[in-house]
Amino acid sequence: MTTPRSARFDQIRADGSFDAIVVGGGINGVGVFRELSLQGLRVLLVERVDFCSGCSAAPSRMIHGGLRYLENGEFGLVRESLRERDALLRNAPHMVRPLPTVVPITSVFSGLFNAAASFFRLSTRPARRGAVPLRIGLSIYDWVTRERRALPRHRFLGTRAAFQQWPKLTERMKFAAVFYDAWISYPERLGVELVMDTSEMSPGSIALNYAEIASDGSGFVVTDGETGTRYPVTTKTVVNATGAWLDESLATLVPAGDLPGQLVEGTKGSHLVLDNPELHDALDGHMVYFDNSDGRICIAFGYLGRVLAGSTDIKVERAERVRCEDDERDYILESLQAVFPRVPVSTDQIVYSFSGIRPLLKSEHDFTGRITRGHDVKRIDGDVPQFCMIGGKWTTFRAFAEDMTDEVLAELGRERTTSSAELGIGGGRGFVDASRIEAALIAKWGVSDARAAHLVDAYGTRASEVMEYCAGRDDDQPIGAGVQLTAAEIAFMVHHEYATRLGDLILRRTAVAITGAVDAGLIETIATVAAAELGWNDERRLAEIGELVTDLERYHRVDRDALDRRTMERTV
């Protein structure tokens with residue numbers, strides 16, 4: 001039986017020559033895959049796990065200009081970040097939305113001289129930010145976006161007005177600043193939409209998850225992680241977008257004598273998702289952005305009905321899969337208790353945690369907050385020139401991909417033919433009014449209000465495409481109490497959204513894990529649907545369940561007892 005995945009490998013078997021191969025399917029790799037393909041190149045993207053499953057699955061879910069980067073004197077990075085934030089608000093409005101942010105201020109001048117010293121590289125560690133330096137920073141923020149303003153200007157509130165709106169904030173607050181950035185609801189889904197868009201616009205380009213690539217001396221070989229089958233491929237250029245694993249992956253792609261020194265330095269960021277309705281209400285629809293006692297910035301905001309809080313910023317020695325450790329958990333909870341002292345927070349409110357390694361440019365800074373979040377390209381010469389993507393962040397992935405594409409085009413002697421700056425992404429194309437799309441779904445398909453809202457939230461304008469698929473199946477029914485997701489949708493994700501393993505469906509294509517909705521019963525149901533669509537036997541199905549449960553327990557603080565307990569609570 002030919003499946004979408006096997007068809008992609010059949011394409012490679014028929015023609016294994018490419019203009020560029022992109023190694024690494026995080027957001028930077030996916031971005032440059034799209035950008036290169038838009039210029040008419042034939043591109044192969046190879047990701048050894050799932051798209052956007054590493055660091056790209058562990059961001060703070062913010063799309064932001066980087067207010068704190070001003071302290072480092074990184075005006076160029078702030079300008080680029082604000083431009084790209086506003087572009088994502090236009091191009092992916094179904095997933096990227098405005099985020100009003102409140103900054104509780106406890107002093108007037110604190111941090112002013114420290115910020116100046118930091119700008120001139122005379123200080124390495126920030127002090128608490130008072131009203132004056134913050135007003136200066138926010139004024140710069142507004143000035144940078146003055147010509148094409150997408151969000152409201154900042155404003156300051158006095159003590160009385162601030163406590164009227166946020167009565168449970170710290171009593172030490174003397175003022176509050178309110179400004180706007182943005183948040184992203186489903187970063188992993190947006191990454192997959194970019195892959196899908198590229199495949200539609202450029203059928204000759206191919207994206208593979210669960211595949212690996214290595215040099216065989218004369219060329220390269222791609223190995224299908226599902227079957228073990230090897231496919232020889234050739235290319236004119238290689239783009240290495242493996243993020244925190246860049247130095248490690250180069251060893252499989254570059255002759256030992258040509259290897260550069262260390263290029264990437266990682267810092268670990270951990271986050272918690274809490275089921276705390278009191279804290280959710282206390283935020284009043286805003287993100288709180290505040291100084292922790294050690295000078296690091298922490299955040300908390302309402303996320304899909306829960307509260308997302310973070311983050312840590314810890315140097316790591318090597319790239320590996322990481323989890324939120326107990327001391328990081330305590331650090332985040334204590335920071336929340338300090339900014340909302342009258343709102344109880346506790347470990348039993350944690351429904352999920354996630355952690356990733358930020359692939360940053362190598363730096364001599366001891367304080368991780370001073371390490372730039374900018375990006376750079378490193379070229380490695382050889383028979384096939386390789387271009388390494390170093391650094392970057394979610395907000396600026398398109399700009400980074402654009403820079404990298406220009407380097408590759410110059411190498412190939414090709415001209416840029418188009419820009420992606422105004423190109424809609426996936427379900428963001430034609431997205432204007434969610435309620436209008438929901439009403440159309442209800443009128444045409446007779447779905448409930450809740451189902452229509454779920455579809456538009458997850459798929460944007462693609463919701464009608466999903467319903468076209470689902471309406472033709474007998475299993476378009478919710479898979480559990482209180483869950484709008486249906487078995488037919490799971491099948492759609494398998495056949496149209498590159499879902500290959502159970503973790504893809506539960507951790508990245510849906511929000512059932514991160515919101516604390518996943519339980520043992522849902523896992524069993526989704527695994528059964530996936531098995532039928534992917535041809536798994538019972539042994540494979542059970543292995544997928546076991547691997548996922550272990551993953552949830554080891555890396556996301558969701559243990560087996562919690563899964564069983566949630567199942568019982570859902571069925572009562």
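Quick caveat, the model's predicted, so the values are computed rather than measured. Residue numbers count from 1 along this sequence. Values below: every heavy atom of this structure, side chains too, minus hydrogens, waters and symmetry copies.
- Under a 3.5 Å cut-off, the side chain of Thr461 and the backbone N or O of Phe431 do not form any donor-acceptor pair.
- A pairwise comparison of heavy atoms in Leu89 and Arg97 identifies CD2-C, 3.7 Å as the closest pair.
- At a threshold of 4.5 Å between non-hydrogen side-chain atoms, the residues Phe33 and Val239 do not count as touching.
- Not one N or O on the side chain of Tyr186 forms a donor-acceptor pair closer than 3.5 Å with the backbone of Ala511.
- By the 4.5 Å heavy-atom criterion applied to side chains, Glu422 and Arg90 are counted as neighbours.
- Of all heavy-atom pairs spanning Pro344 and Glu278, the tightest one is CD-OE1, 3.6 Å.
- Residues Leu138 and Leu67 have side chains in contact (heavy-atom distance under 4.5 Å, counting atoms from C-beta outward).
- The aromatic rings of Phe179 and Tyr289 stand perpendicular to each other, their planes meeting at an angle above 60°, with 30° marking the opposite boundary.
- Nearest heavy-atom pair across His271 and Gly269 is ND1-O, 4.1 Å.
- Ring centers of Trp166 and His286: under 6.0 Å apart, within the cut-off.
- In this structure, Pro277 and Asp275 have side chains that are in contact, with non-hydrogen atoms separated by less than 4.5 Å.
- With a 4.5 Å cut-off on side-chain heavy atoms, Leu82 and Thr395 do not count as touching.
- By the 4.0 Å N-to-carboxylate-O rule, Lys268 lies close enough to Glu328 to be salt-bridged with it.
- Both tests hold for Arg321 against Tyr555: distance to the six-membered ring centre under 6.0 Å, angle to the ring axis within 45°.
- Looking only at side-chain heavy atoms (C-beta outward), Thr170 and Phe290 stay at 4.5 Å or farther from each other.
- Look at Arg34 and Asp197 and you find no salt bridge, because none of the NZ, NE, NH1 or NH2 atoms lies under 4.0 Å from a carboxylate O.
- Of the options Val195, Val192, Leu190, a side-chain contact (heavy atoms from CB on, under 4.5 Å) to Val30 is made by Val195 and by none of the others.
- The cationic group of Arg61 lies under 6.0 Å from the six-membered ring centre of Phe354 and within 45° of the ring axis, placing it in a cation-pi geometry.
- Residues Asp291 and Arg296 are not paired through a salt bridge, judged by the lack of any N-O separation under 4.0 Å between the basic side chain and the carboxylate.
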